[in-house]
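Just so you know, these numbers use all the heavy atoms, side chains as well, and skip hydrogens, waters and symmetry mates.
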Amino acid sequence: MIKLIVTDIDGTLIQKASAELYPEIVEEIRRQTDRGVLFACVSERQLESMENLFREVEERVIYIAENGAHVRYQGRDLLMTLMRQDYVTELVEQLRKFEDCRIVISTPQGCLVETADREFLGMLGNGYHCIFKVMKDVLSERPQTFRVSVYREGGMRQLAESILIPTWKDRLNISMDEDEWLDFTDLSAGKNAAVSMIQNQYGITRSETIAFGNGMSDADMLQAAGESYAVEDSPRTVKEAARFICPSWKEKGVWQIIRRLSRVEQNSGLEVTFFGNFRISLNGTEVVLDNSTSSKPMQLLEMLLHAQDEGVIREKLQEALYGKGKVTDKTNNMKQTVFRLRKMIEESVLPPAAYIVIRKSYYYWNSELTVDTDTGRFKRALELAAAEKEDKQKLRYLMEACAQYKGDFIPRMPADSWAGELRAEYKERYYGALRQLCAILKQDGRYEDMLTVCSNAARLYPHEEWELECLDCLIALERFQEAQDFYRRMSSYYADEMHNDLSDELRERHDLLRERIRNTDGKIEDIQREMSDAAAGIQGTYYCSWPNFEGICMQMVRNNREGEAPATLMLCTMLDEKKGVPLGQKKLDSLSGKLQTAIRRNLRKSDCFARYSEHQFLILLVNCDLINSVYAQKRIAYYMEREYGIRNGIRYDTAVLR
C-alpha cells in the first residue's frame with residue numbers, strides 16, 4: 001500500500017521553471033492526502049518558490065527544498081542541513097575568480113547574489129521565482145547557507161569537470177542537473193537523505209514509497225522507493241536507477257501513474273487483454289458480458305476499449321459491424337447495438353456508470369475505472385524503444401514489448417474484419433521488435449535470454465526465422481544434444497507437415513552443428529543409442545535433405561564398384577496431365593504432398609528419397625535393378641489412383657546408379 005508519494009518538480013511533474021500546476025494533480029494531491037497518504041515535492045528551488053507553486057494545497061504538501069537540505073511540513077522545519085561556513089567562504093572566493101560565473105547563496109531568508117546583471121536577475125525572479133537580495137559581498141553577513149549555486153552562460157561542464165569537481169568532491173555534494181548550473185550542498189544533504197528522514201519519522205517503508213524523478217540528483221532518491229519512475233526523457237543513468245519509466249510532464253505522467261496505482265489499490269481498475277484472446281478483468285476477476293464473444297455488442301465493446309480516449313467515428317463502427325451495403329438502416333441498428341451493450345454492462349458486476357458516450361459522431365468508452373490494455377503497454381514500450389539511443393535501455397523496452405505480446409490480436413475475428421487489419425499490423429510490429437531485440441542480445445552474447453524470447457516466438461508462430469534463431473542459440477551455448485533434437489524436429493516438420501525440403505539456412509546450421517559436435521568426445525554406447533533412437537523415429541521410407549541424399553548415393557556408388565548389390569535411381573516429375581508441362585504453383589503444392597505420402601508409404605525402409613527440384617522427387621532404390629524398379633513405380637501409381645483418383649500427371653524415369 002502506498003503511504004508516501006515523492007516527486008521532483010522541474011522536468012518531472014511540470015515543465016522546468018513553470019509557476020503553475022495543472023488542475024488534475026492538484027485534485028489528486030487532495031484525494032491522496034485525504035486518504036492519509038503523504039505527498040512530498042522535491043526540488044532545487046527555494047522553499048518560498050515551492051510554497052507558491054503549491055499554494056492551493058500548501059498545508060497538504062511536504063517540501064523538500066534546496067536539493068534536500070531544507071524540509072518543511074505544515075509550517076514546521078523537519079530538516080535544515082547547513083554548509084560549513086569555512087567551506088562557503090573558500091568556495092565563493094574561488095568562484096569569484098571566474099568573471100563569467102554568477103553566484104547564488106541559498107539561505108533560510110532567501111537568496112543572496114552579487115551581480116547587477118539584469119538579465120540574470122530577471123531569470124531568477126521571473127523564471128525560477130526566487131526571492132533574492134543583491135549584495136556587494138554575499139559573505140559579509142556570514143549567512144547560514146543551504147546551498148551554493150553557480151551559473152555560467154554557455155555551459156558549466158568544462159569548468160566543473162576540470163577544476164570545481166576535483167577540488168570539492170570529497171568535501172561537498174555536487175550536482176549538475178542542468179548544463180549551465182552547478183550546485184554545492186553539505187555532504188550529508190541530498191534528496192535521498194531527506195526522503196529517508198521522512199520515512200523514518202513517519203514509520204514508512206521503502207515498499208510503501210513511490211518516487212518520480214528526471215535529473216542526476218534524483219537517481220539516489222529513486223533508490224529509496226520501492227516503486228520508482230524515471231521520466232522517459234531522463235538521462236540513461238537515471239533510467240537505470242529507476243524500476244519503471246514514466247510519461248513526460250507533457251502527458252501529465254506523474255498524475256497518470258499515481259491515479260492508476262491508486263485505483264488498483266482501491267480495486268477500481270479494468271484490465272483488458274487483446275493479444276491471444278479477448279478478456280476483461282475487474283480487480284483480477286474475469287468479467288463475462290455475453291456468452292457469444294462474436295456478437296455485435298461485444299465487437300462494439302472491443303473497438304471502444306481498444307480506441308479508448310481517441311474514440312471511434314460512427315461510420316467506421318457501422319462499416320465494421322454491419323459491412324458495406326449489407327444493412328439498409330445502419331443508424332437504427334447502431335442504436336440497438338449500443339442499447340444492448342449498455343444493458344449487458346448494467347447487468348454485469350461493473351459499477352454503474354455511463355460507459356458509452358457519443359460526442360460529435362464519435363463513440364467513446366467513458367468510466368471512472370482505469371483501463372489498462374496489453375496493446376497500450378505494447379505500443380508504449382515500442383515508442384520508448386524507438387526514442388532510446390542507448391542499447392541497454394532500448395533492450396529493456398523491447399523486452400517489455402515482446403513480453404506483452406501473447407498471440408494474435410483477437411484471433412477469433414476473421415482476417416477481413418477491423419481486427420484482422422490490426423492483427424497484421426501488430427504482428428509485423430512484434431516481428432520488428434524481435435529482430436531488434438535479437439540483434440542486441442546476440443551482440444552482447446546473451447544467448448539464454450535470446451533463446452527465451454525466440455522460443456516464445458516460435459511457439460506462437462512456427463516460422464523458420466525464429467526456429468533458426470533458437471538453433472543458433474543452442475549451438476552458441478554448446479547445448480549440442482538439445483540442438484540436434486531441435487534440428488530433427490524441424491526437419492520432420494518441414495518434411496511431414498510442410499512437404500518441403502530443408503532451406504539452405506537450416507542446412508548451414510546442420511553443418512555447423514556437426515562441426516561443433518565433432519570437437520566433443522563421446523562414448524560408443526551413447527553414439528549407438530543415439531543413432532538407433534534417431535532411426536526409430538523415422539516412419540516409412542526415409543525422406544532426407546539433398547546433401548544427405550548425395551552422401552548416401554556416393555557411398556552406394558563405392559559399394560557397387562566393389563561388387564555389392566545394385567541400386568537404381570527413380571526420378572518422379574510432376575506434370576500437367578493434359579498439357580504435359582510443369583504444374584502451376586497451386587496444383588504443384590497439392591500434388592507434391594500427395595506424391596510424397598505415396599512414396600513414403602509404399603517403398604521399403606531401406607530406400608530413401610529427397611526433393612530434387614520444385615517439380616521432382618528423386619528416389620534411391622537399394623538392392624534393386626531396373627527390372628524390379630518397375631514394381632516400385634506401380635506401387636506408387638496404384639496408391640495415387642486409389643487414394644486420390646490421380647491416374648496421370650507423374651512421369652517416372654529410372655537409371656542404374658554407377
Heavy-atom closest pair, residues [X] and [Y]:
{"X": "Met640", "Y": "Ala598", "answer": "SD-CB, 3.7 Å"}
{"X": "Ala419", "Y": "Phe409", "answer": "O-CD2, 3.6 Å"}
{"X": "Cys438", "Y": "Cys454", "answer": "SG-SG, 3.4 Å"}
{"X": "Leu657", "Y": "Cys553", "answer": "CD2-O, 3.7 Å"}
{"X": "Asn277", "Y": "Pro411", "answer": "N-CD, 3.9 Å"}
{"X": "Trp418", "Y": "Gln299", "answer": "CZ2-O, 4.3 Å"}

For [Y], is there any backbone N or O sitting under 3.5 Å from a side-chain donor or acceptor partner on [X]?
{"X": "Tyr430", "Y": "Tyr405", "answer": "no"}
{"X": "Arg601", "Y": "Tyr639", "answer": "no"}
{"X": "Gln256", "Y": "Glu251", "answer": "yes"}
{"X": "Arg340", "Y": "Lys343", "answer": "no"}
{"X": "Thr541", "Y": "Arg604", "answer": "yes"}
{"X": "Lys389", "Y": "Ala386", "answer": "no"}

Practice task
Among Val312, Leu341, Leu305, find the residue that satisfies the side chain to side chain contact (heavy atoms under 4.5 Å, CB included) test when tested with Leu300.
Solution key: Leu341

Practice task
Could you check Ile280, Asp309, Val272 and say which one makes a side chain to side chain contact (heavy atoms under 4.5 Å, CB included) with Val371?
Solution key: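 Answer to the side chain to side chain contact (heavy atoms under 4.5 Å, CB included) test with Val371 among Ile280, Asp309, Val272: Val272.
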
Determine whether [X] and [Y] make a side-chain contact, defined as any pair of heavy atoms from C-beta on separated by less than 4.5 Å.
{"X": "Arg459", "Y": "Trp466", "result": "no"}
{"X": "Cys624", "Y": "Asp607", "result": "no"}
{"X": "Phe617", "Y": "Tyr543", "result": "yes"}
{"X": "Leu437", "Y": "Asp449", "result": "no"}
{"X": "Lys296", "Y": "Gln336", "result": "no"}
{"X": "Leu603", "Y": "Ile636", "result": "yes"}
{"X": "Phe275", "Y": "Leu460", "result": "no"}
{"X": "Leu301", "Y": "Tyr355", "result": "no"}

Is [X] salt-bridged to [Y], cutoff N-O under 4.0 Å?
{"X": "Glu448", "Y": "Arg479", "result": "yes"}
{"X": "Arg380", "Y": "Glu383", "result": "yes"}
{"X": "Lys442", "Y": "Glu469", "result": "yes"}
{"X": "Lys239", "Y": "Glu388", "result": "yes"}

Can you tell me how far [atom2] of [Y] sits from [atom1] of [X], rounded to the nearest 0.5 angstrom?
{"X": "Arg396", "Y": "Phe244", "atom1": "CZ", "atom2": "CZ", "value": "8.0 Å"}
{"X": "Glu315", "Y": "Met334", "atom1": "CD", "atom2": "CE", "value": "10.5 Å"}
{"X": "Asn548", "Y": "Tyr542", "atom1": "CG", "atom2": "OH", "value": "4.5 Å"}
{"X": "Gln436", "Y": "Cys402", "atom1": "CD", "atom2": "SG", "value": "9.0 Å"}
{"X": "Thr654", "Y": "Ile627", "atom1": "OG1", "atom2": "CD1", "value": "11.0 Å"}
{"X": "Phe278", "Y": "Asp374", "atom1": "CZ", "atom2": "CG", "value": "10.0 Å"}

Handout entry: Tyr426 and Phe274 aromatic centres sub-6.0 Å
Key =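 Ring centres of Phe274 and Tyr426 not closer than 6.0 Å.
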
Handout entry: Derivation of the side-chain contact (heavy atoms from CB on, under 4.5 Å) call for Lys587 and Met574
Key = CA-CA 10 Å; Lys587 290 184 178 180; Met574 294 170 280; over 6 Å; no

Enclosure of [X] [atom1] (heavy-atom neighbours >12, cutoff 6.0 Å):
{"X": "Tyr631", "atom1": "OH", "result": "no"}
{"X": "Lys634", "atom1": "NZ", "result": "no"}
{"X": "Lys394", "atom1": "NZ", "result": "yes"}
{"X": "Arg647", "atom1": "CZ", "result": "no"}

Problem - Donor + acceptor pair across side chains of Asp408, Tyr461 (<3.5 Å) - result: yes

Handout entry: Working for side-chain contact (heavy atoms from CB on, under 4.5 Å), residues Thr337 and Tyr322
Key = CA-CA 11 Å; Thr337 301; Tyr322 313 114; 2.6 Å; yes

Exercise for the section: Evaluate side-chain contact (heavy atoms from CB on, under 4.5 Å) for Leu451 paired with Cys470, printing each intermediate quantity in order. Expected result: CA-CA 5 Å; Leu451 180 60; Cys470 288; 4.0 Å; yes

Handout entry: Charged tip of Arg314 within 45° of Tyr362 ring normal and under 6.0 Å
Key = no

Handout entry: Check against side-chain contact (heavy atoms from CB on, under 4.5 Å), Lys427 and Arg423
Key = CA-CA 6 Å; Lys427 181 179 178 180; Arg423 185 183 308 140; 5.6 Å; no

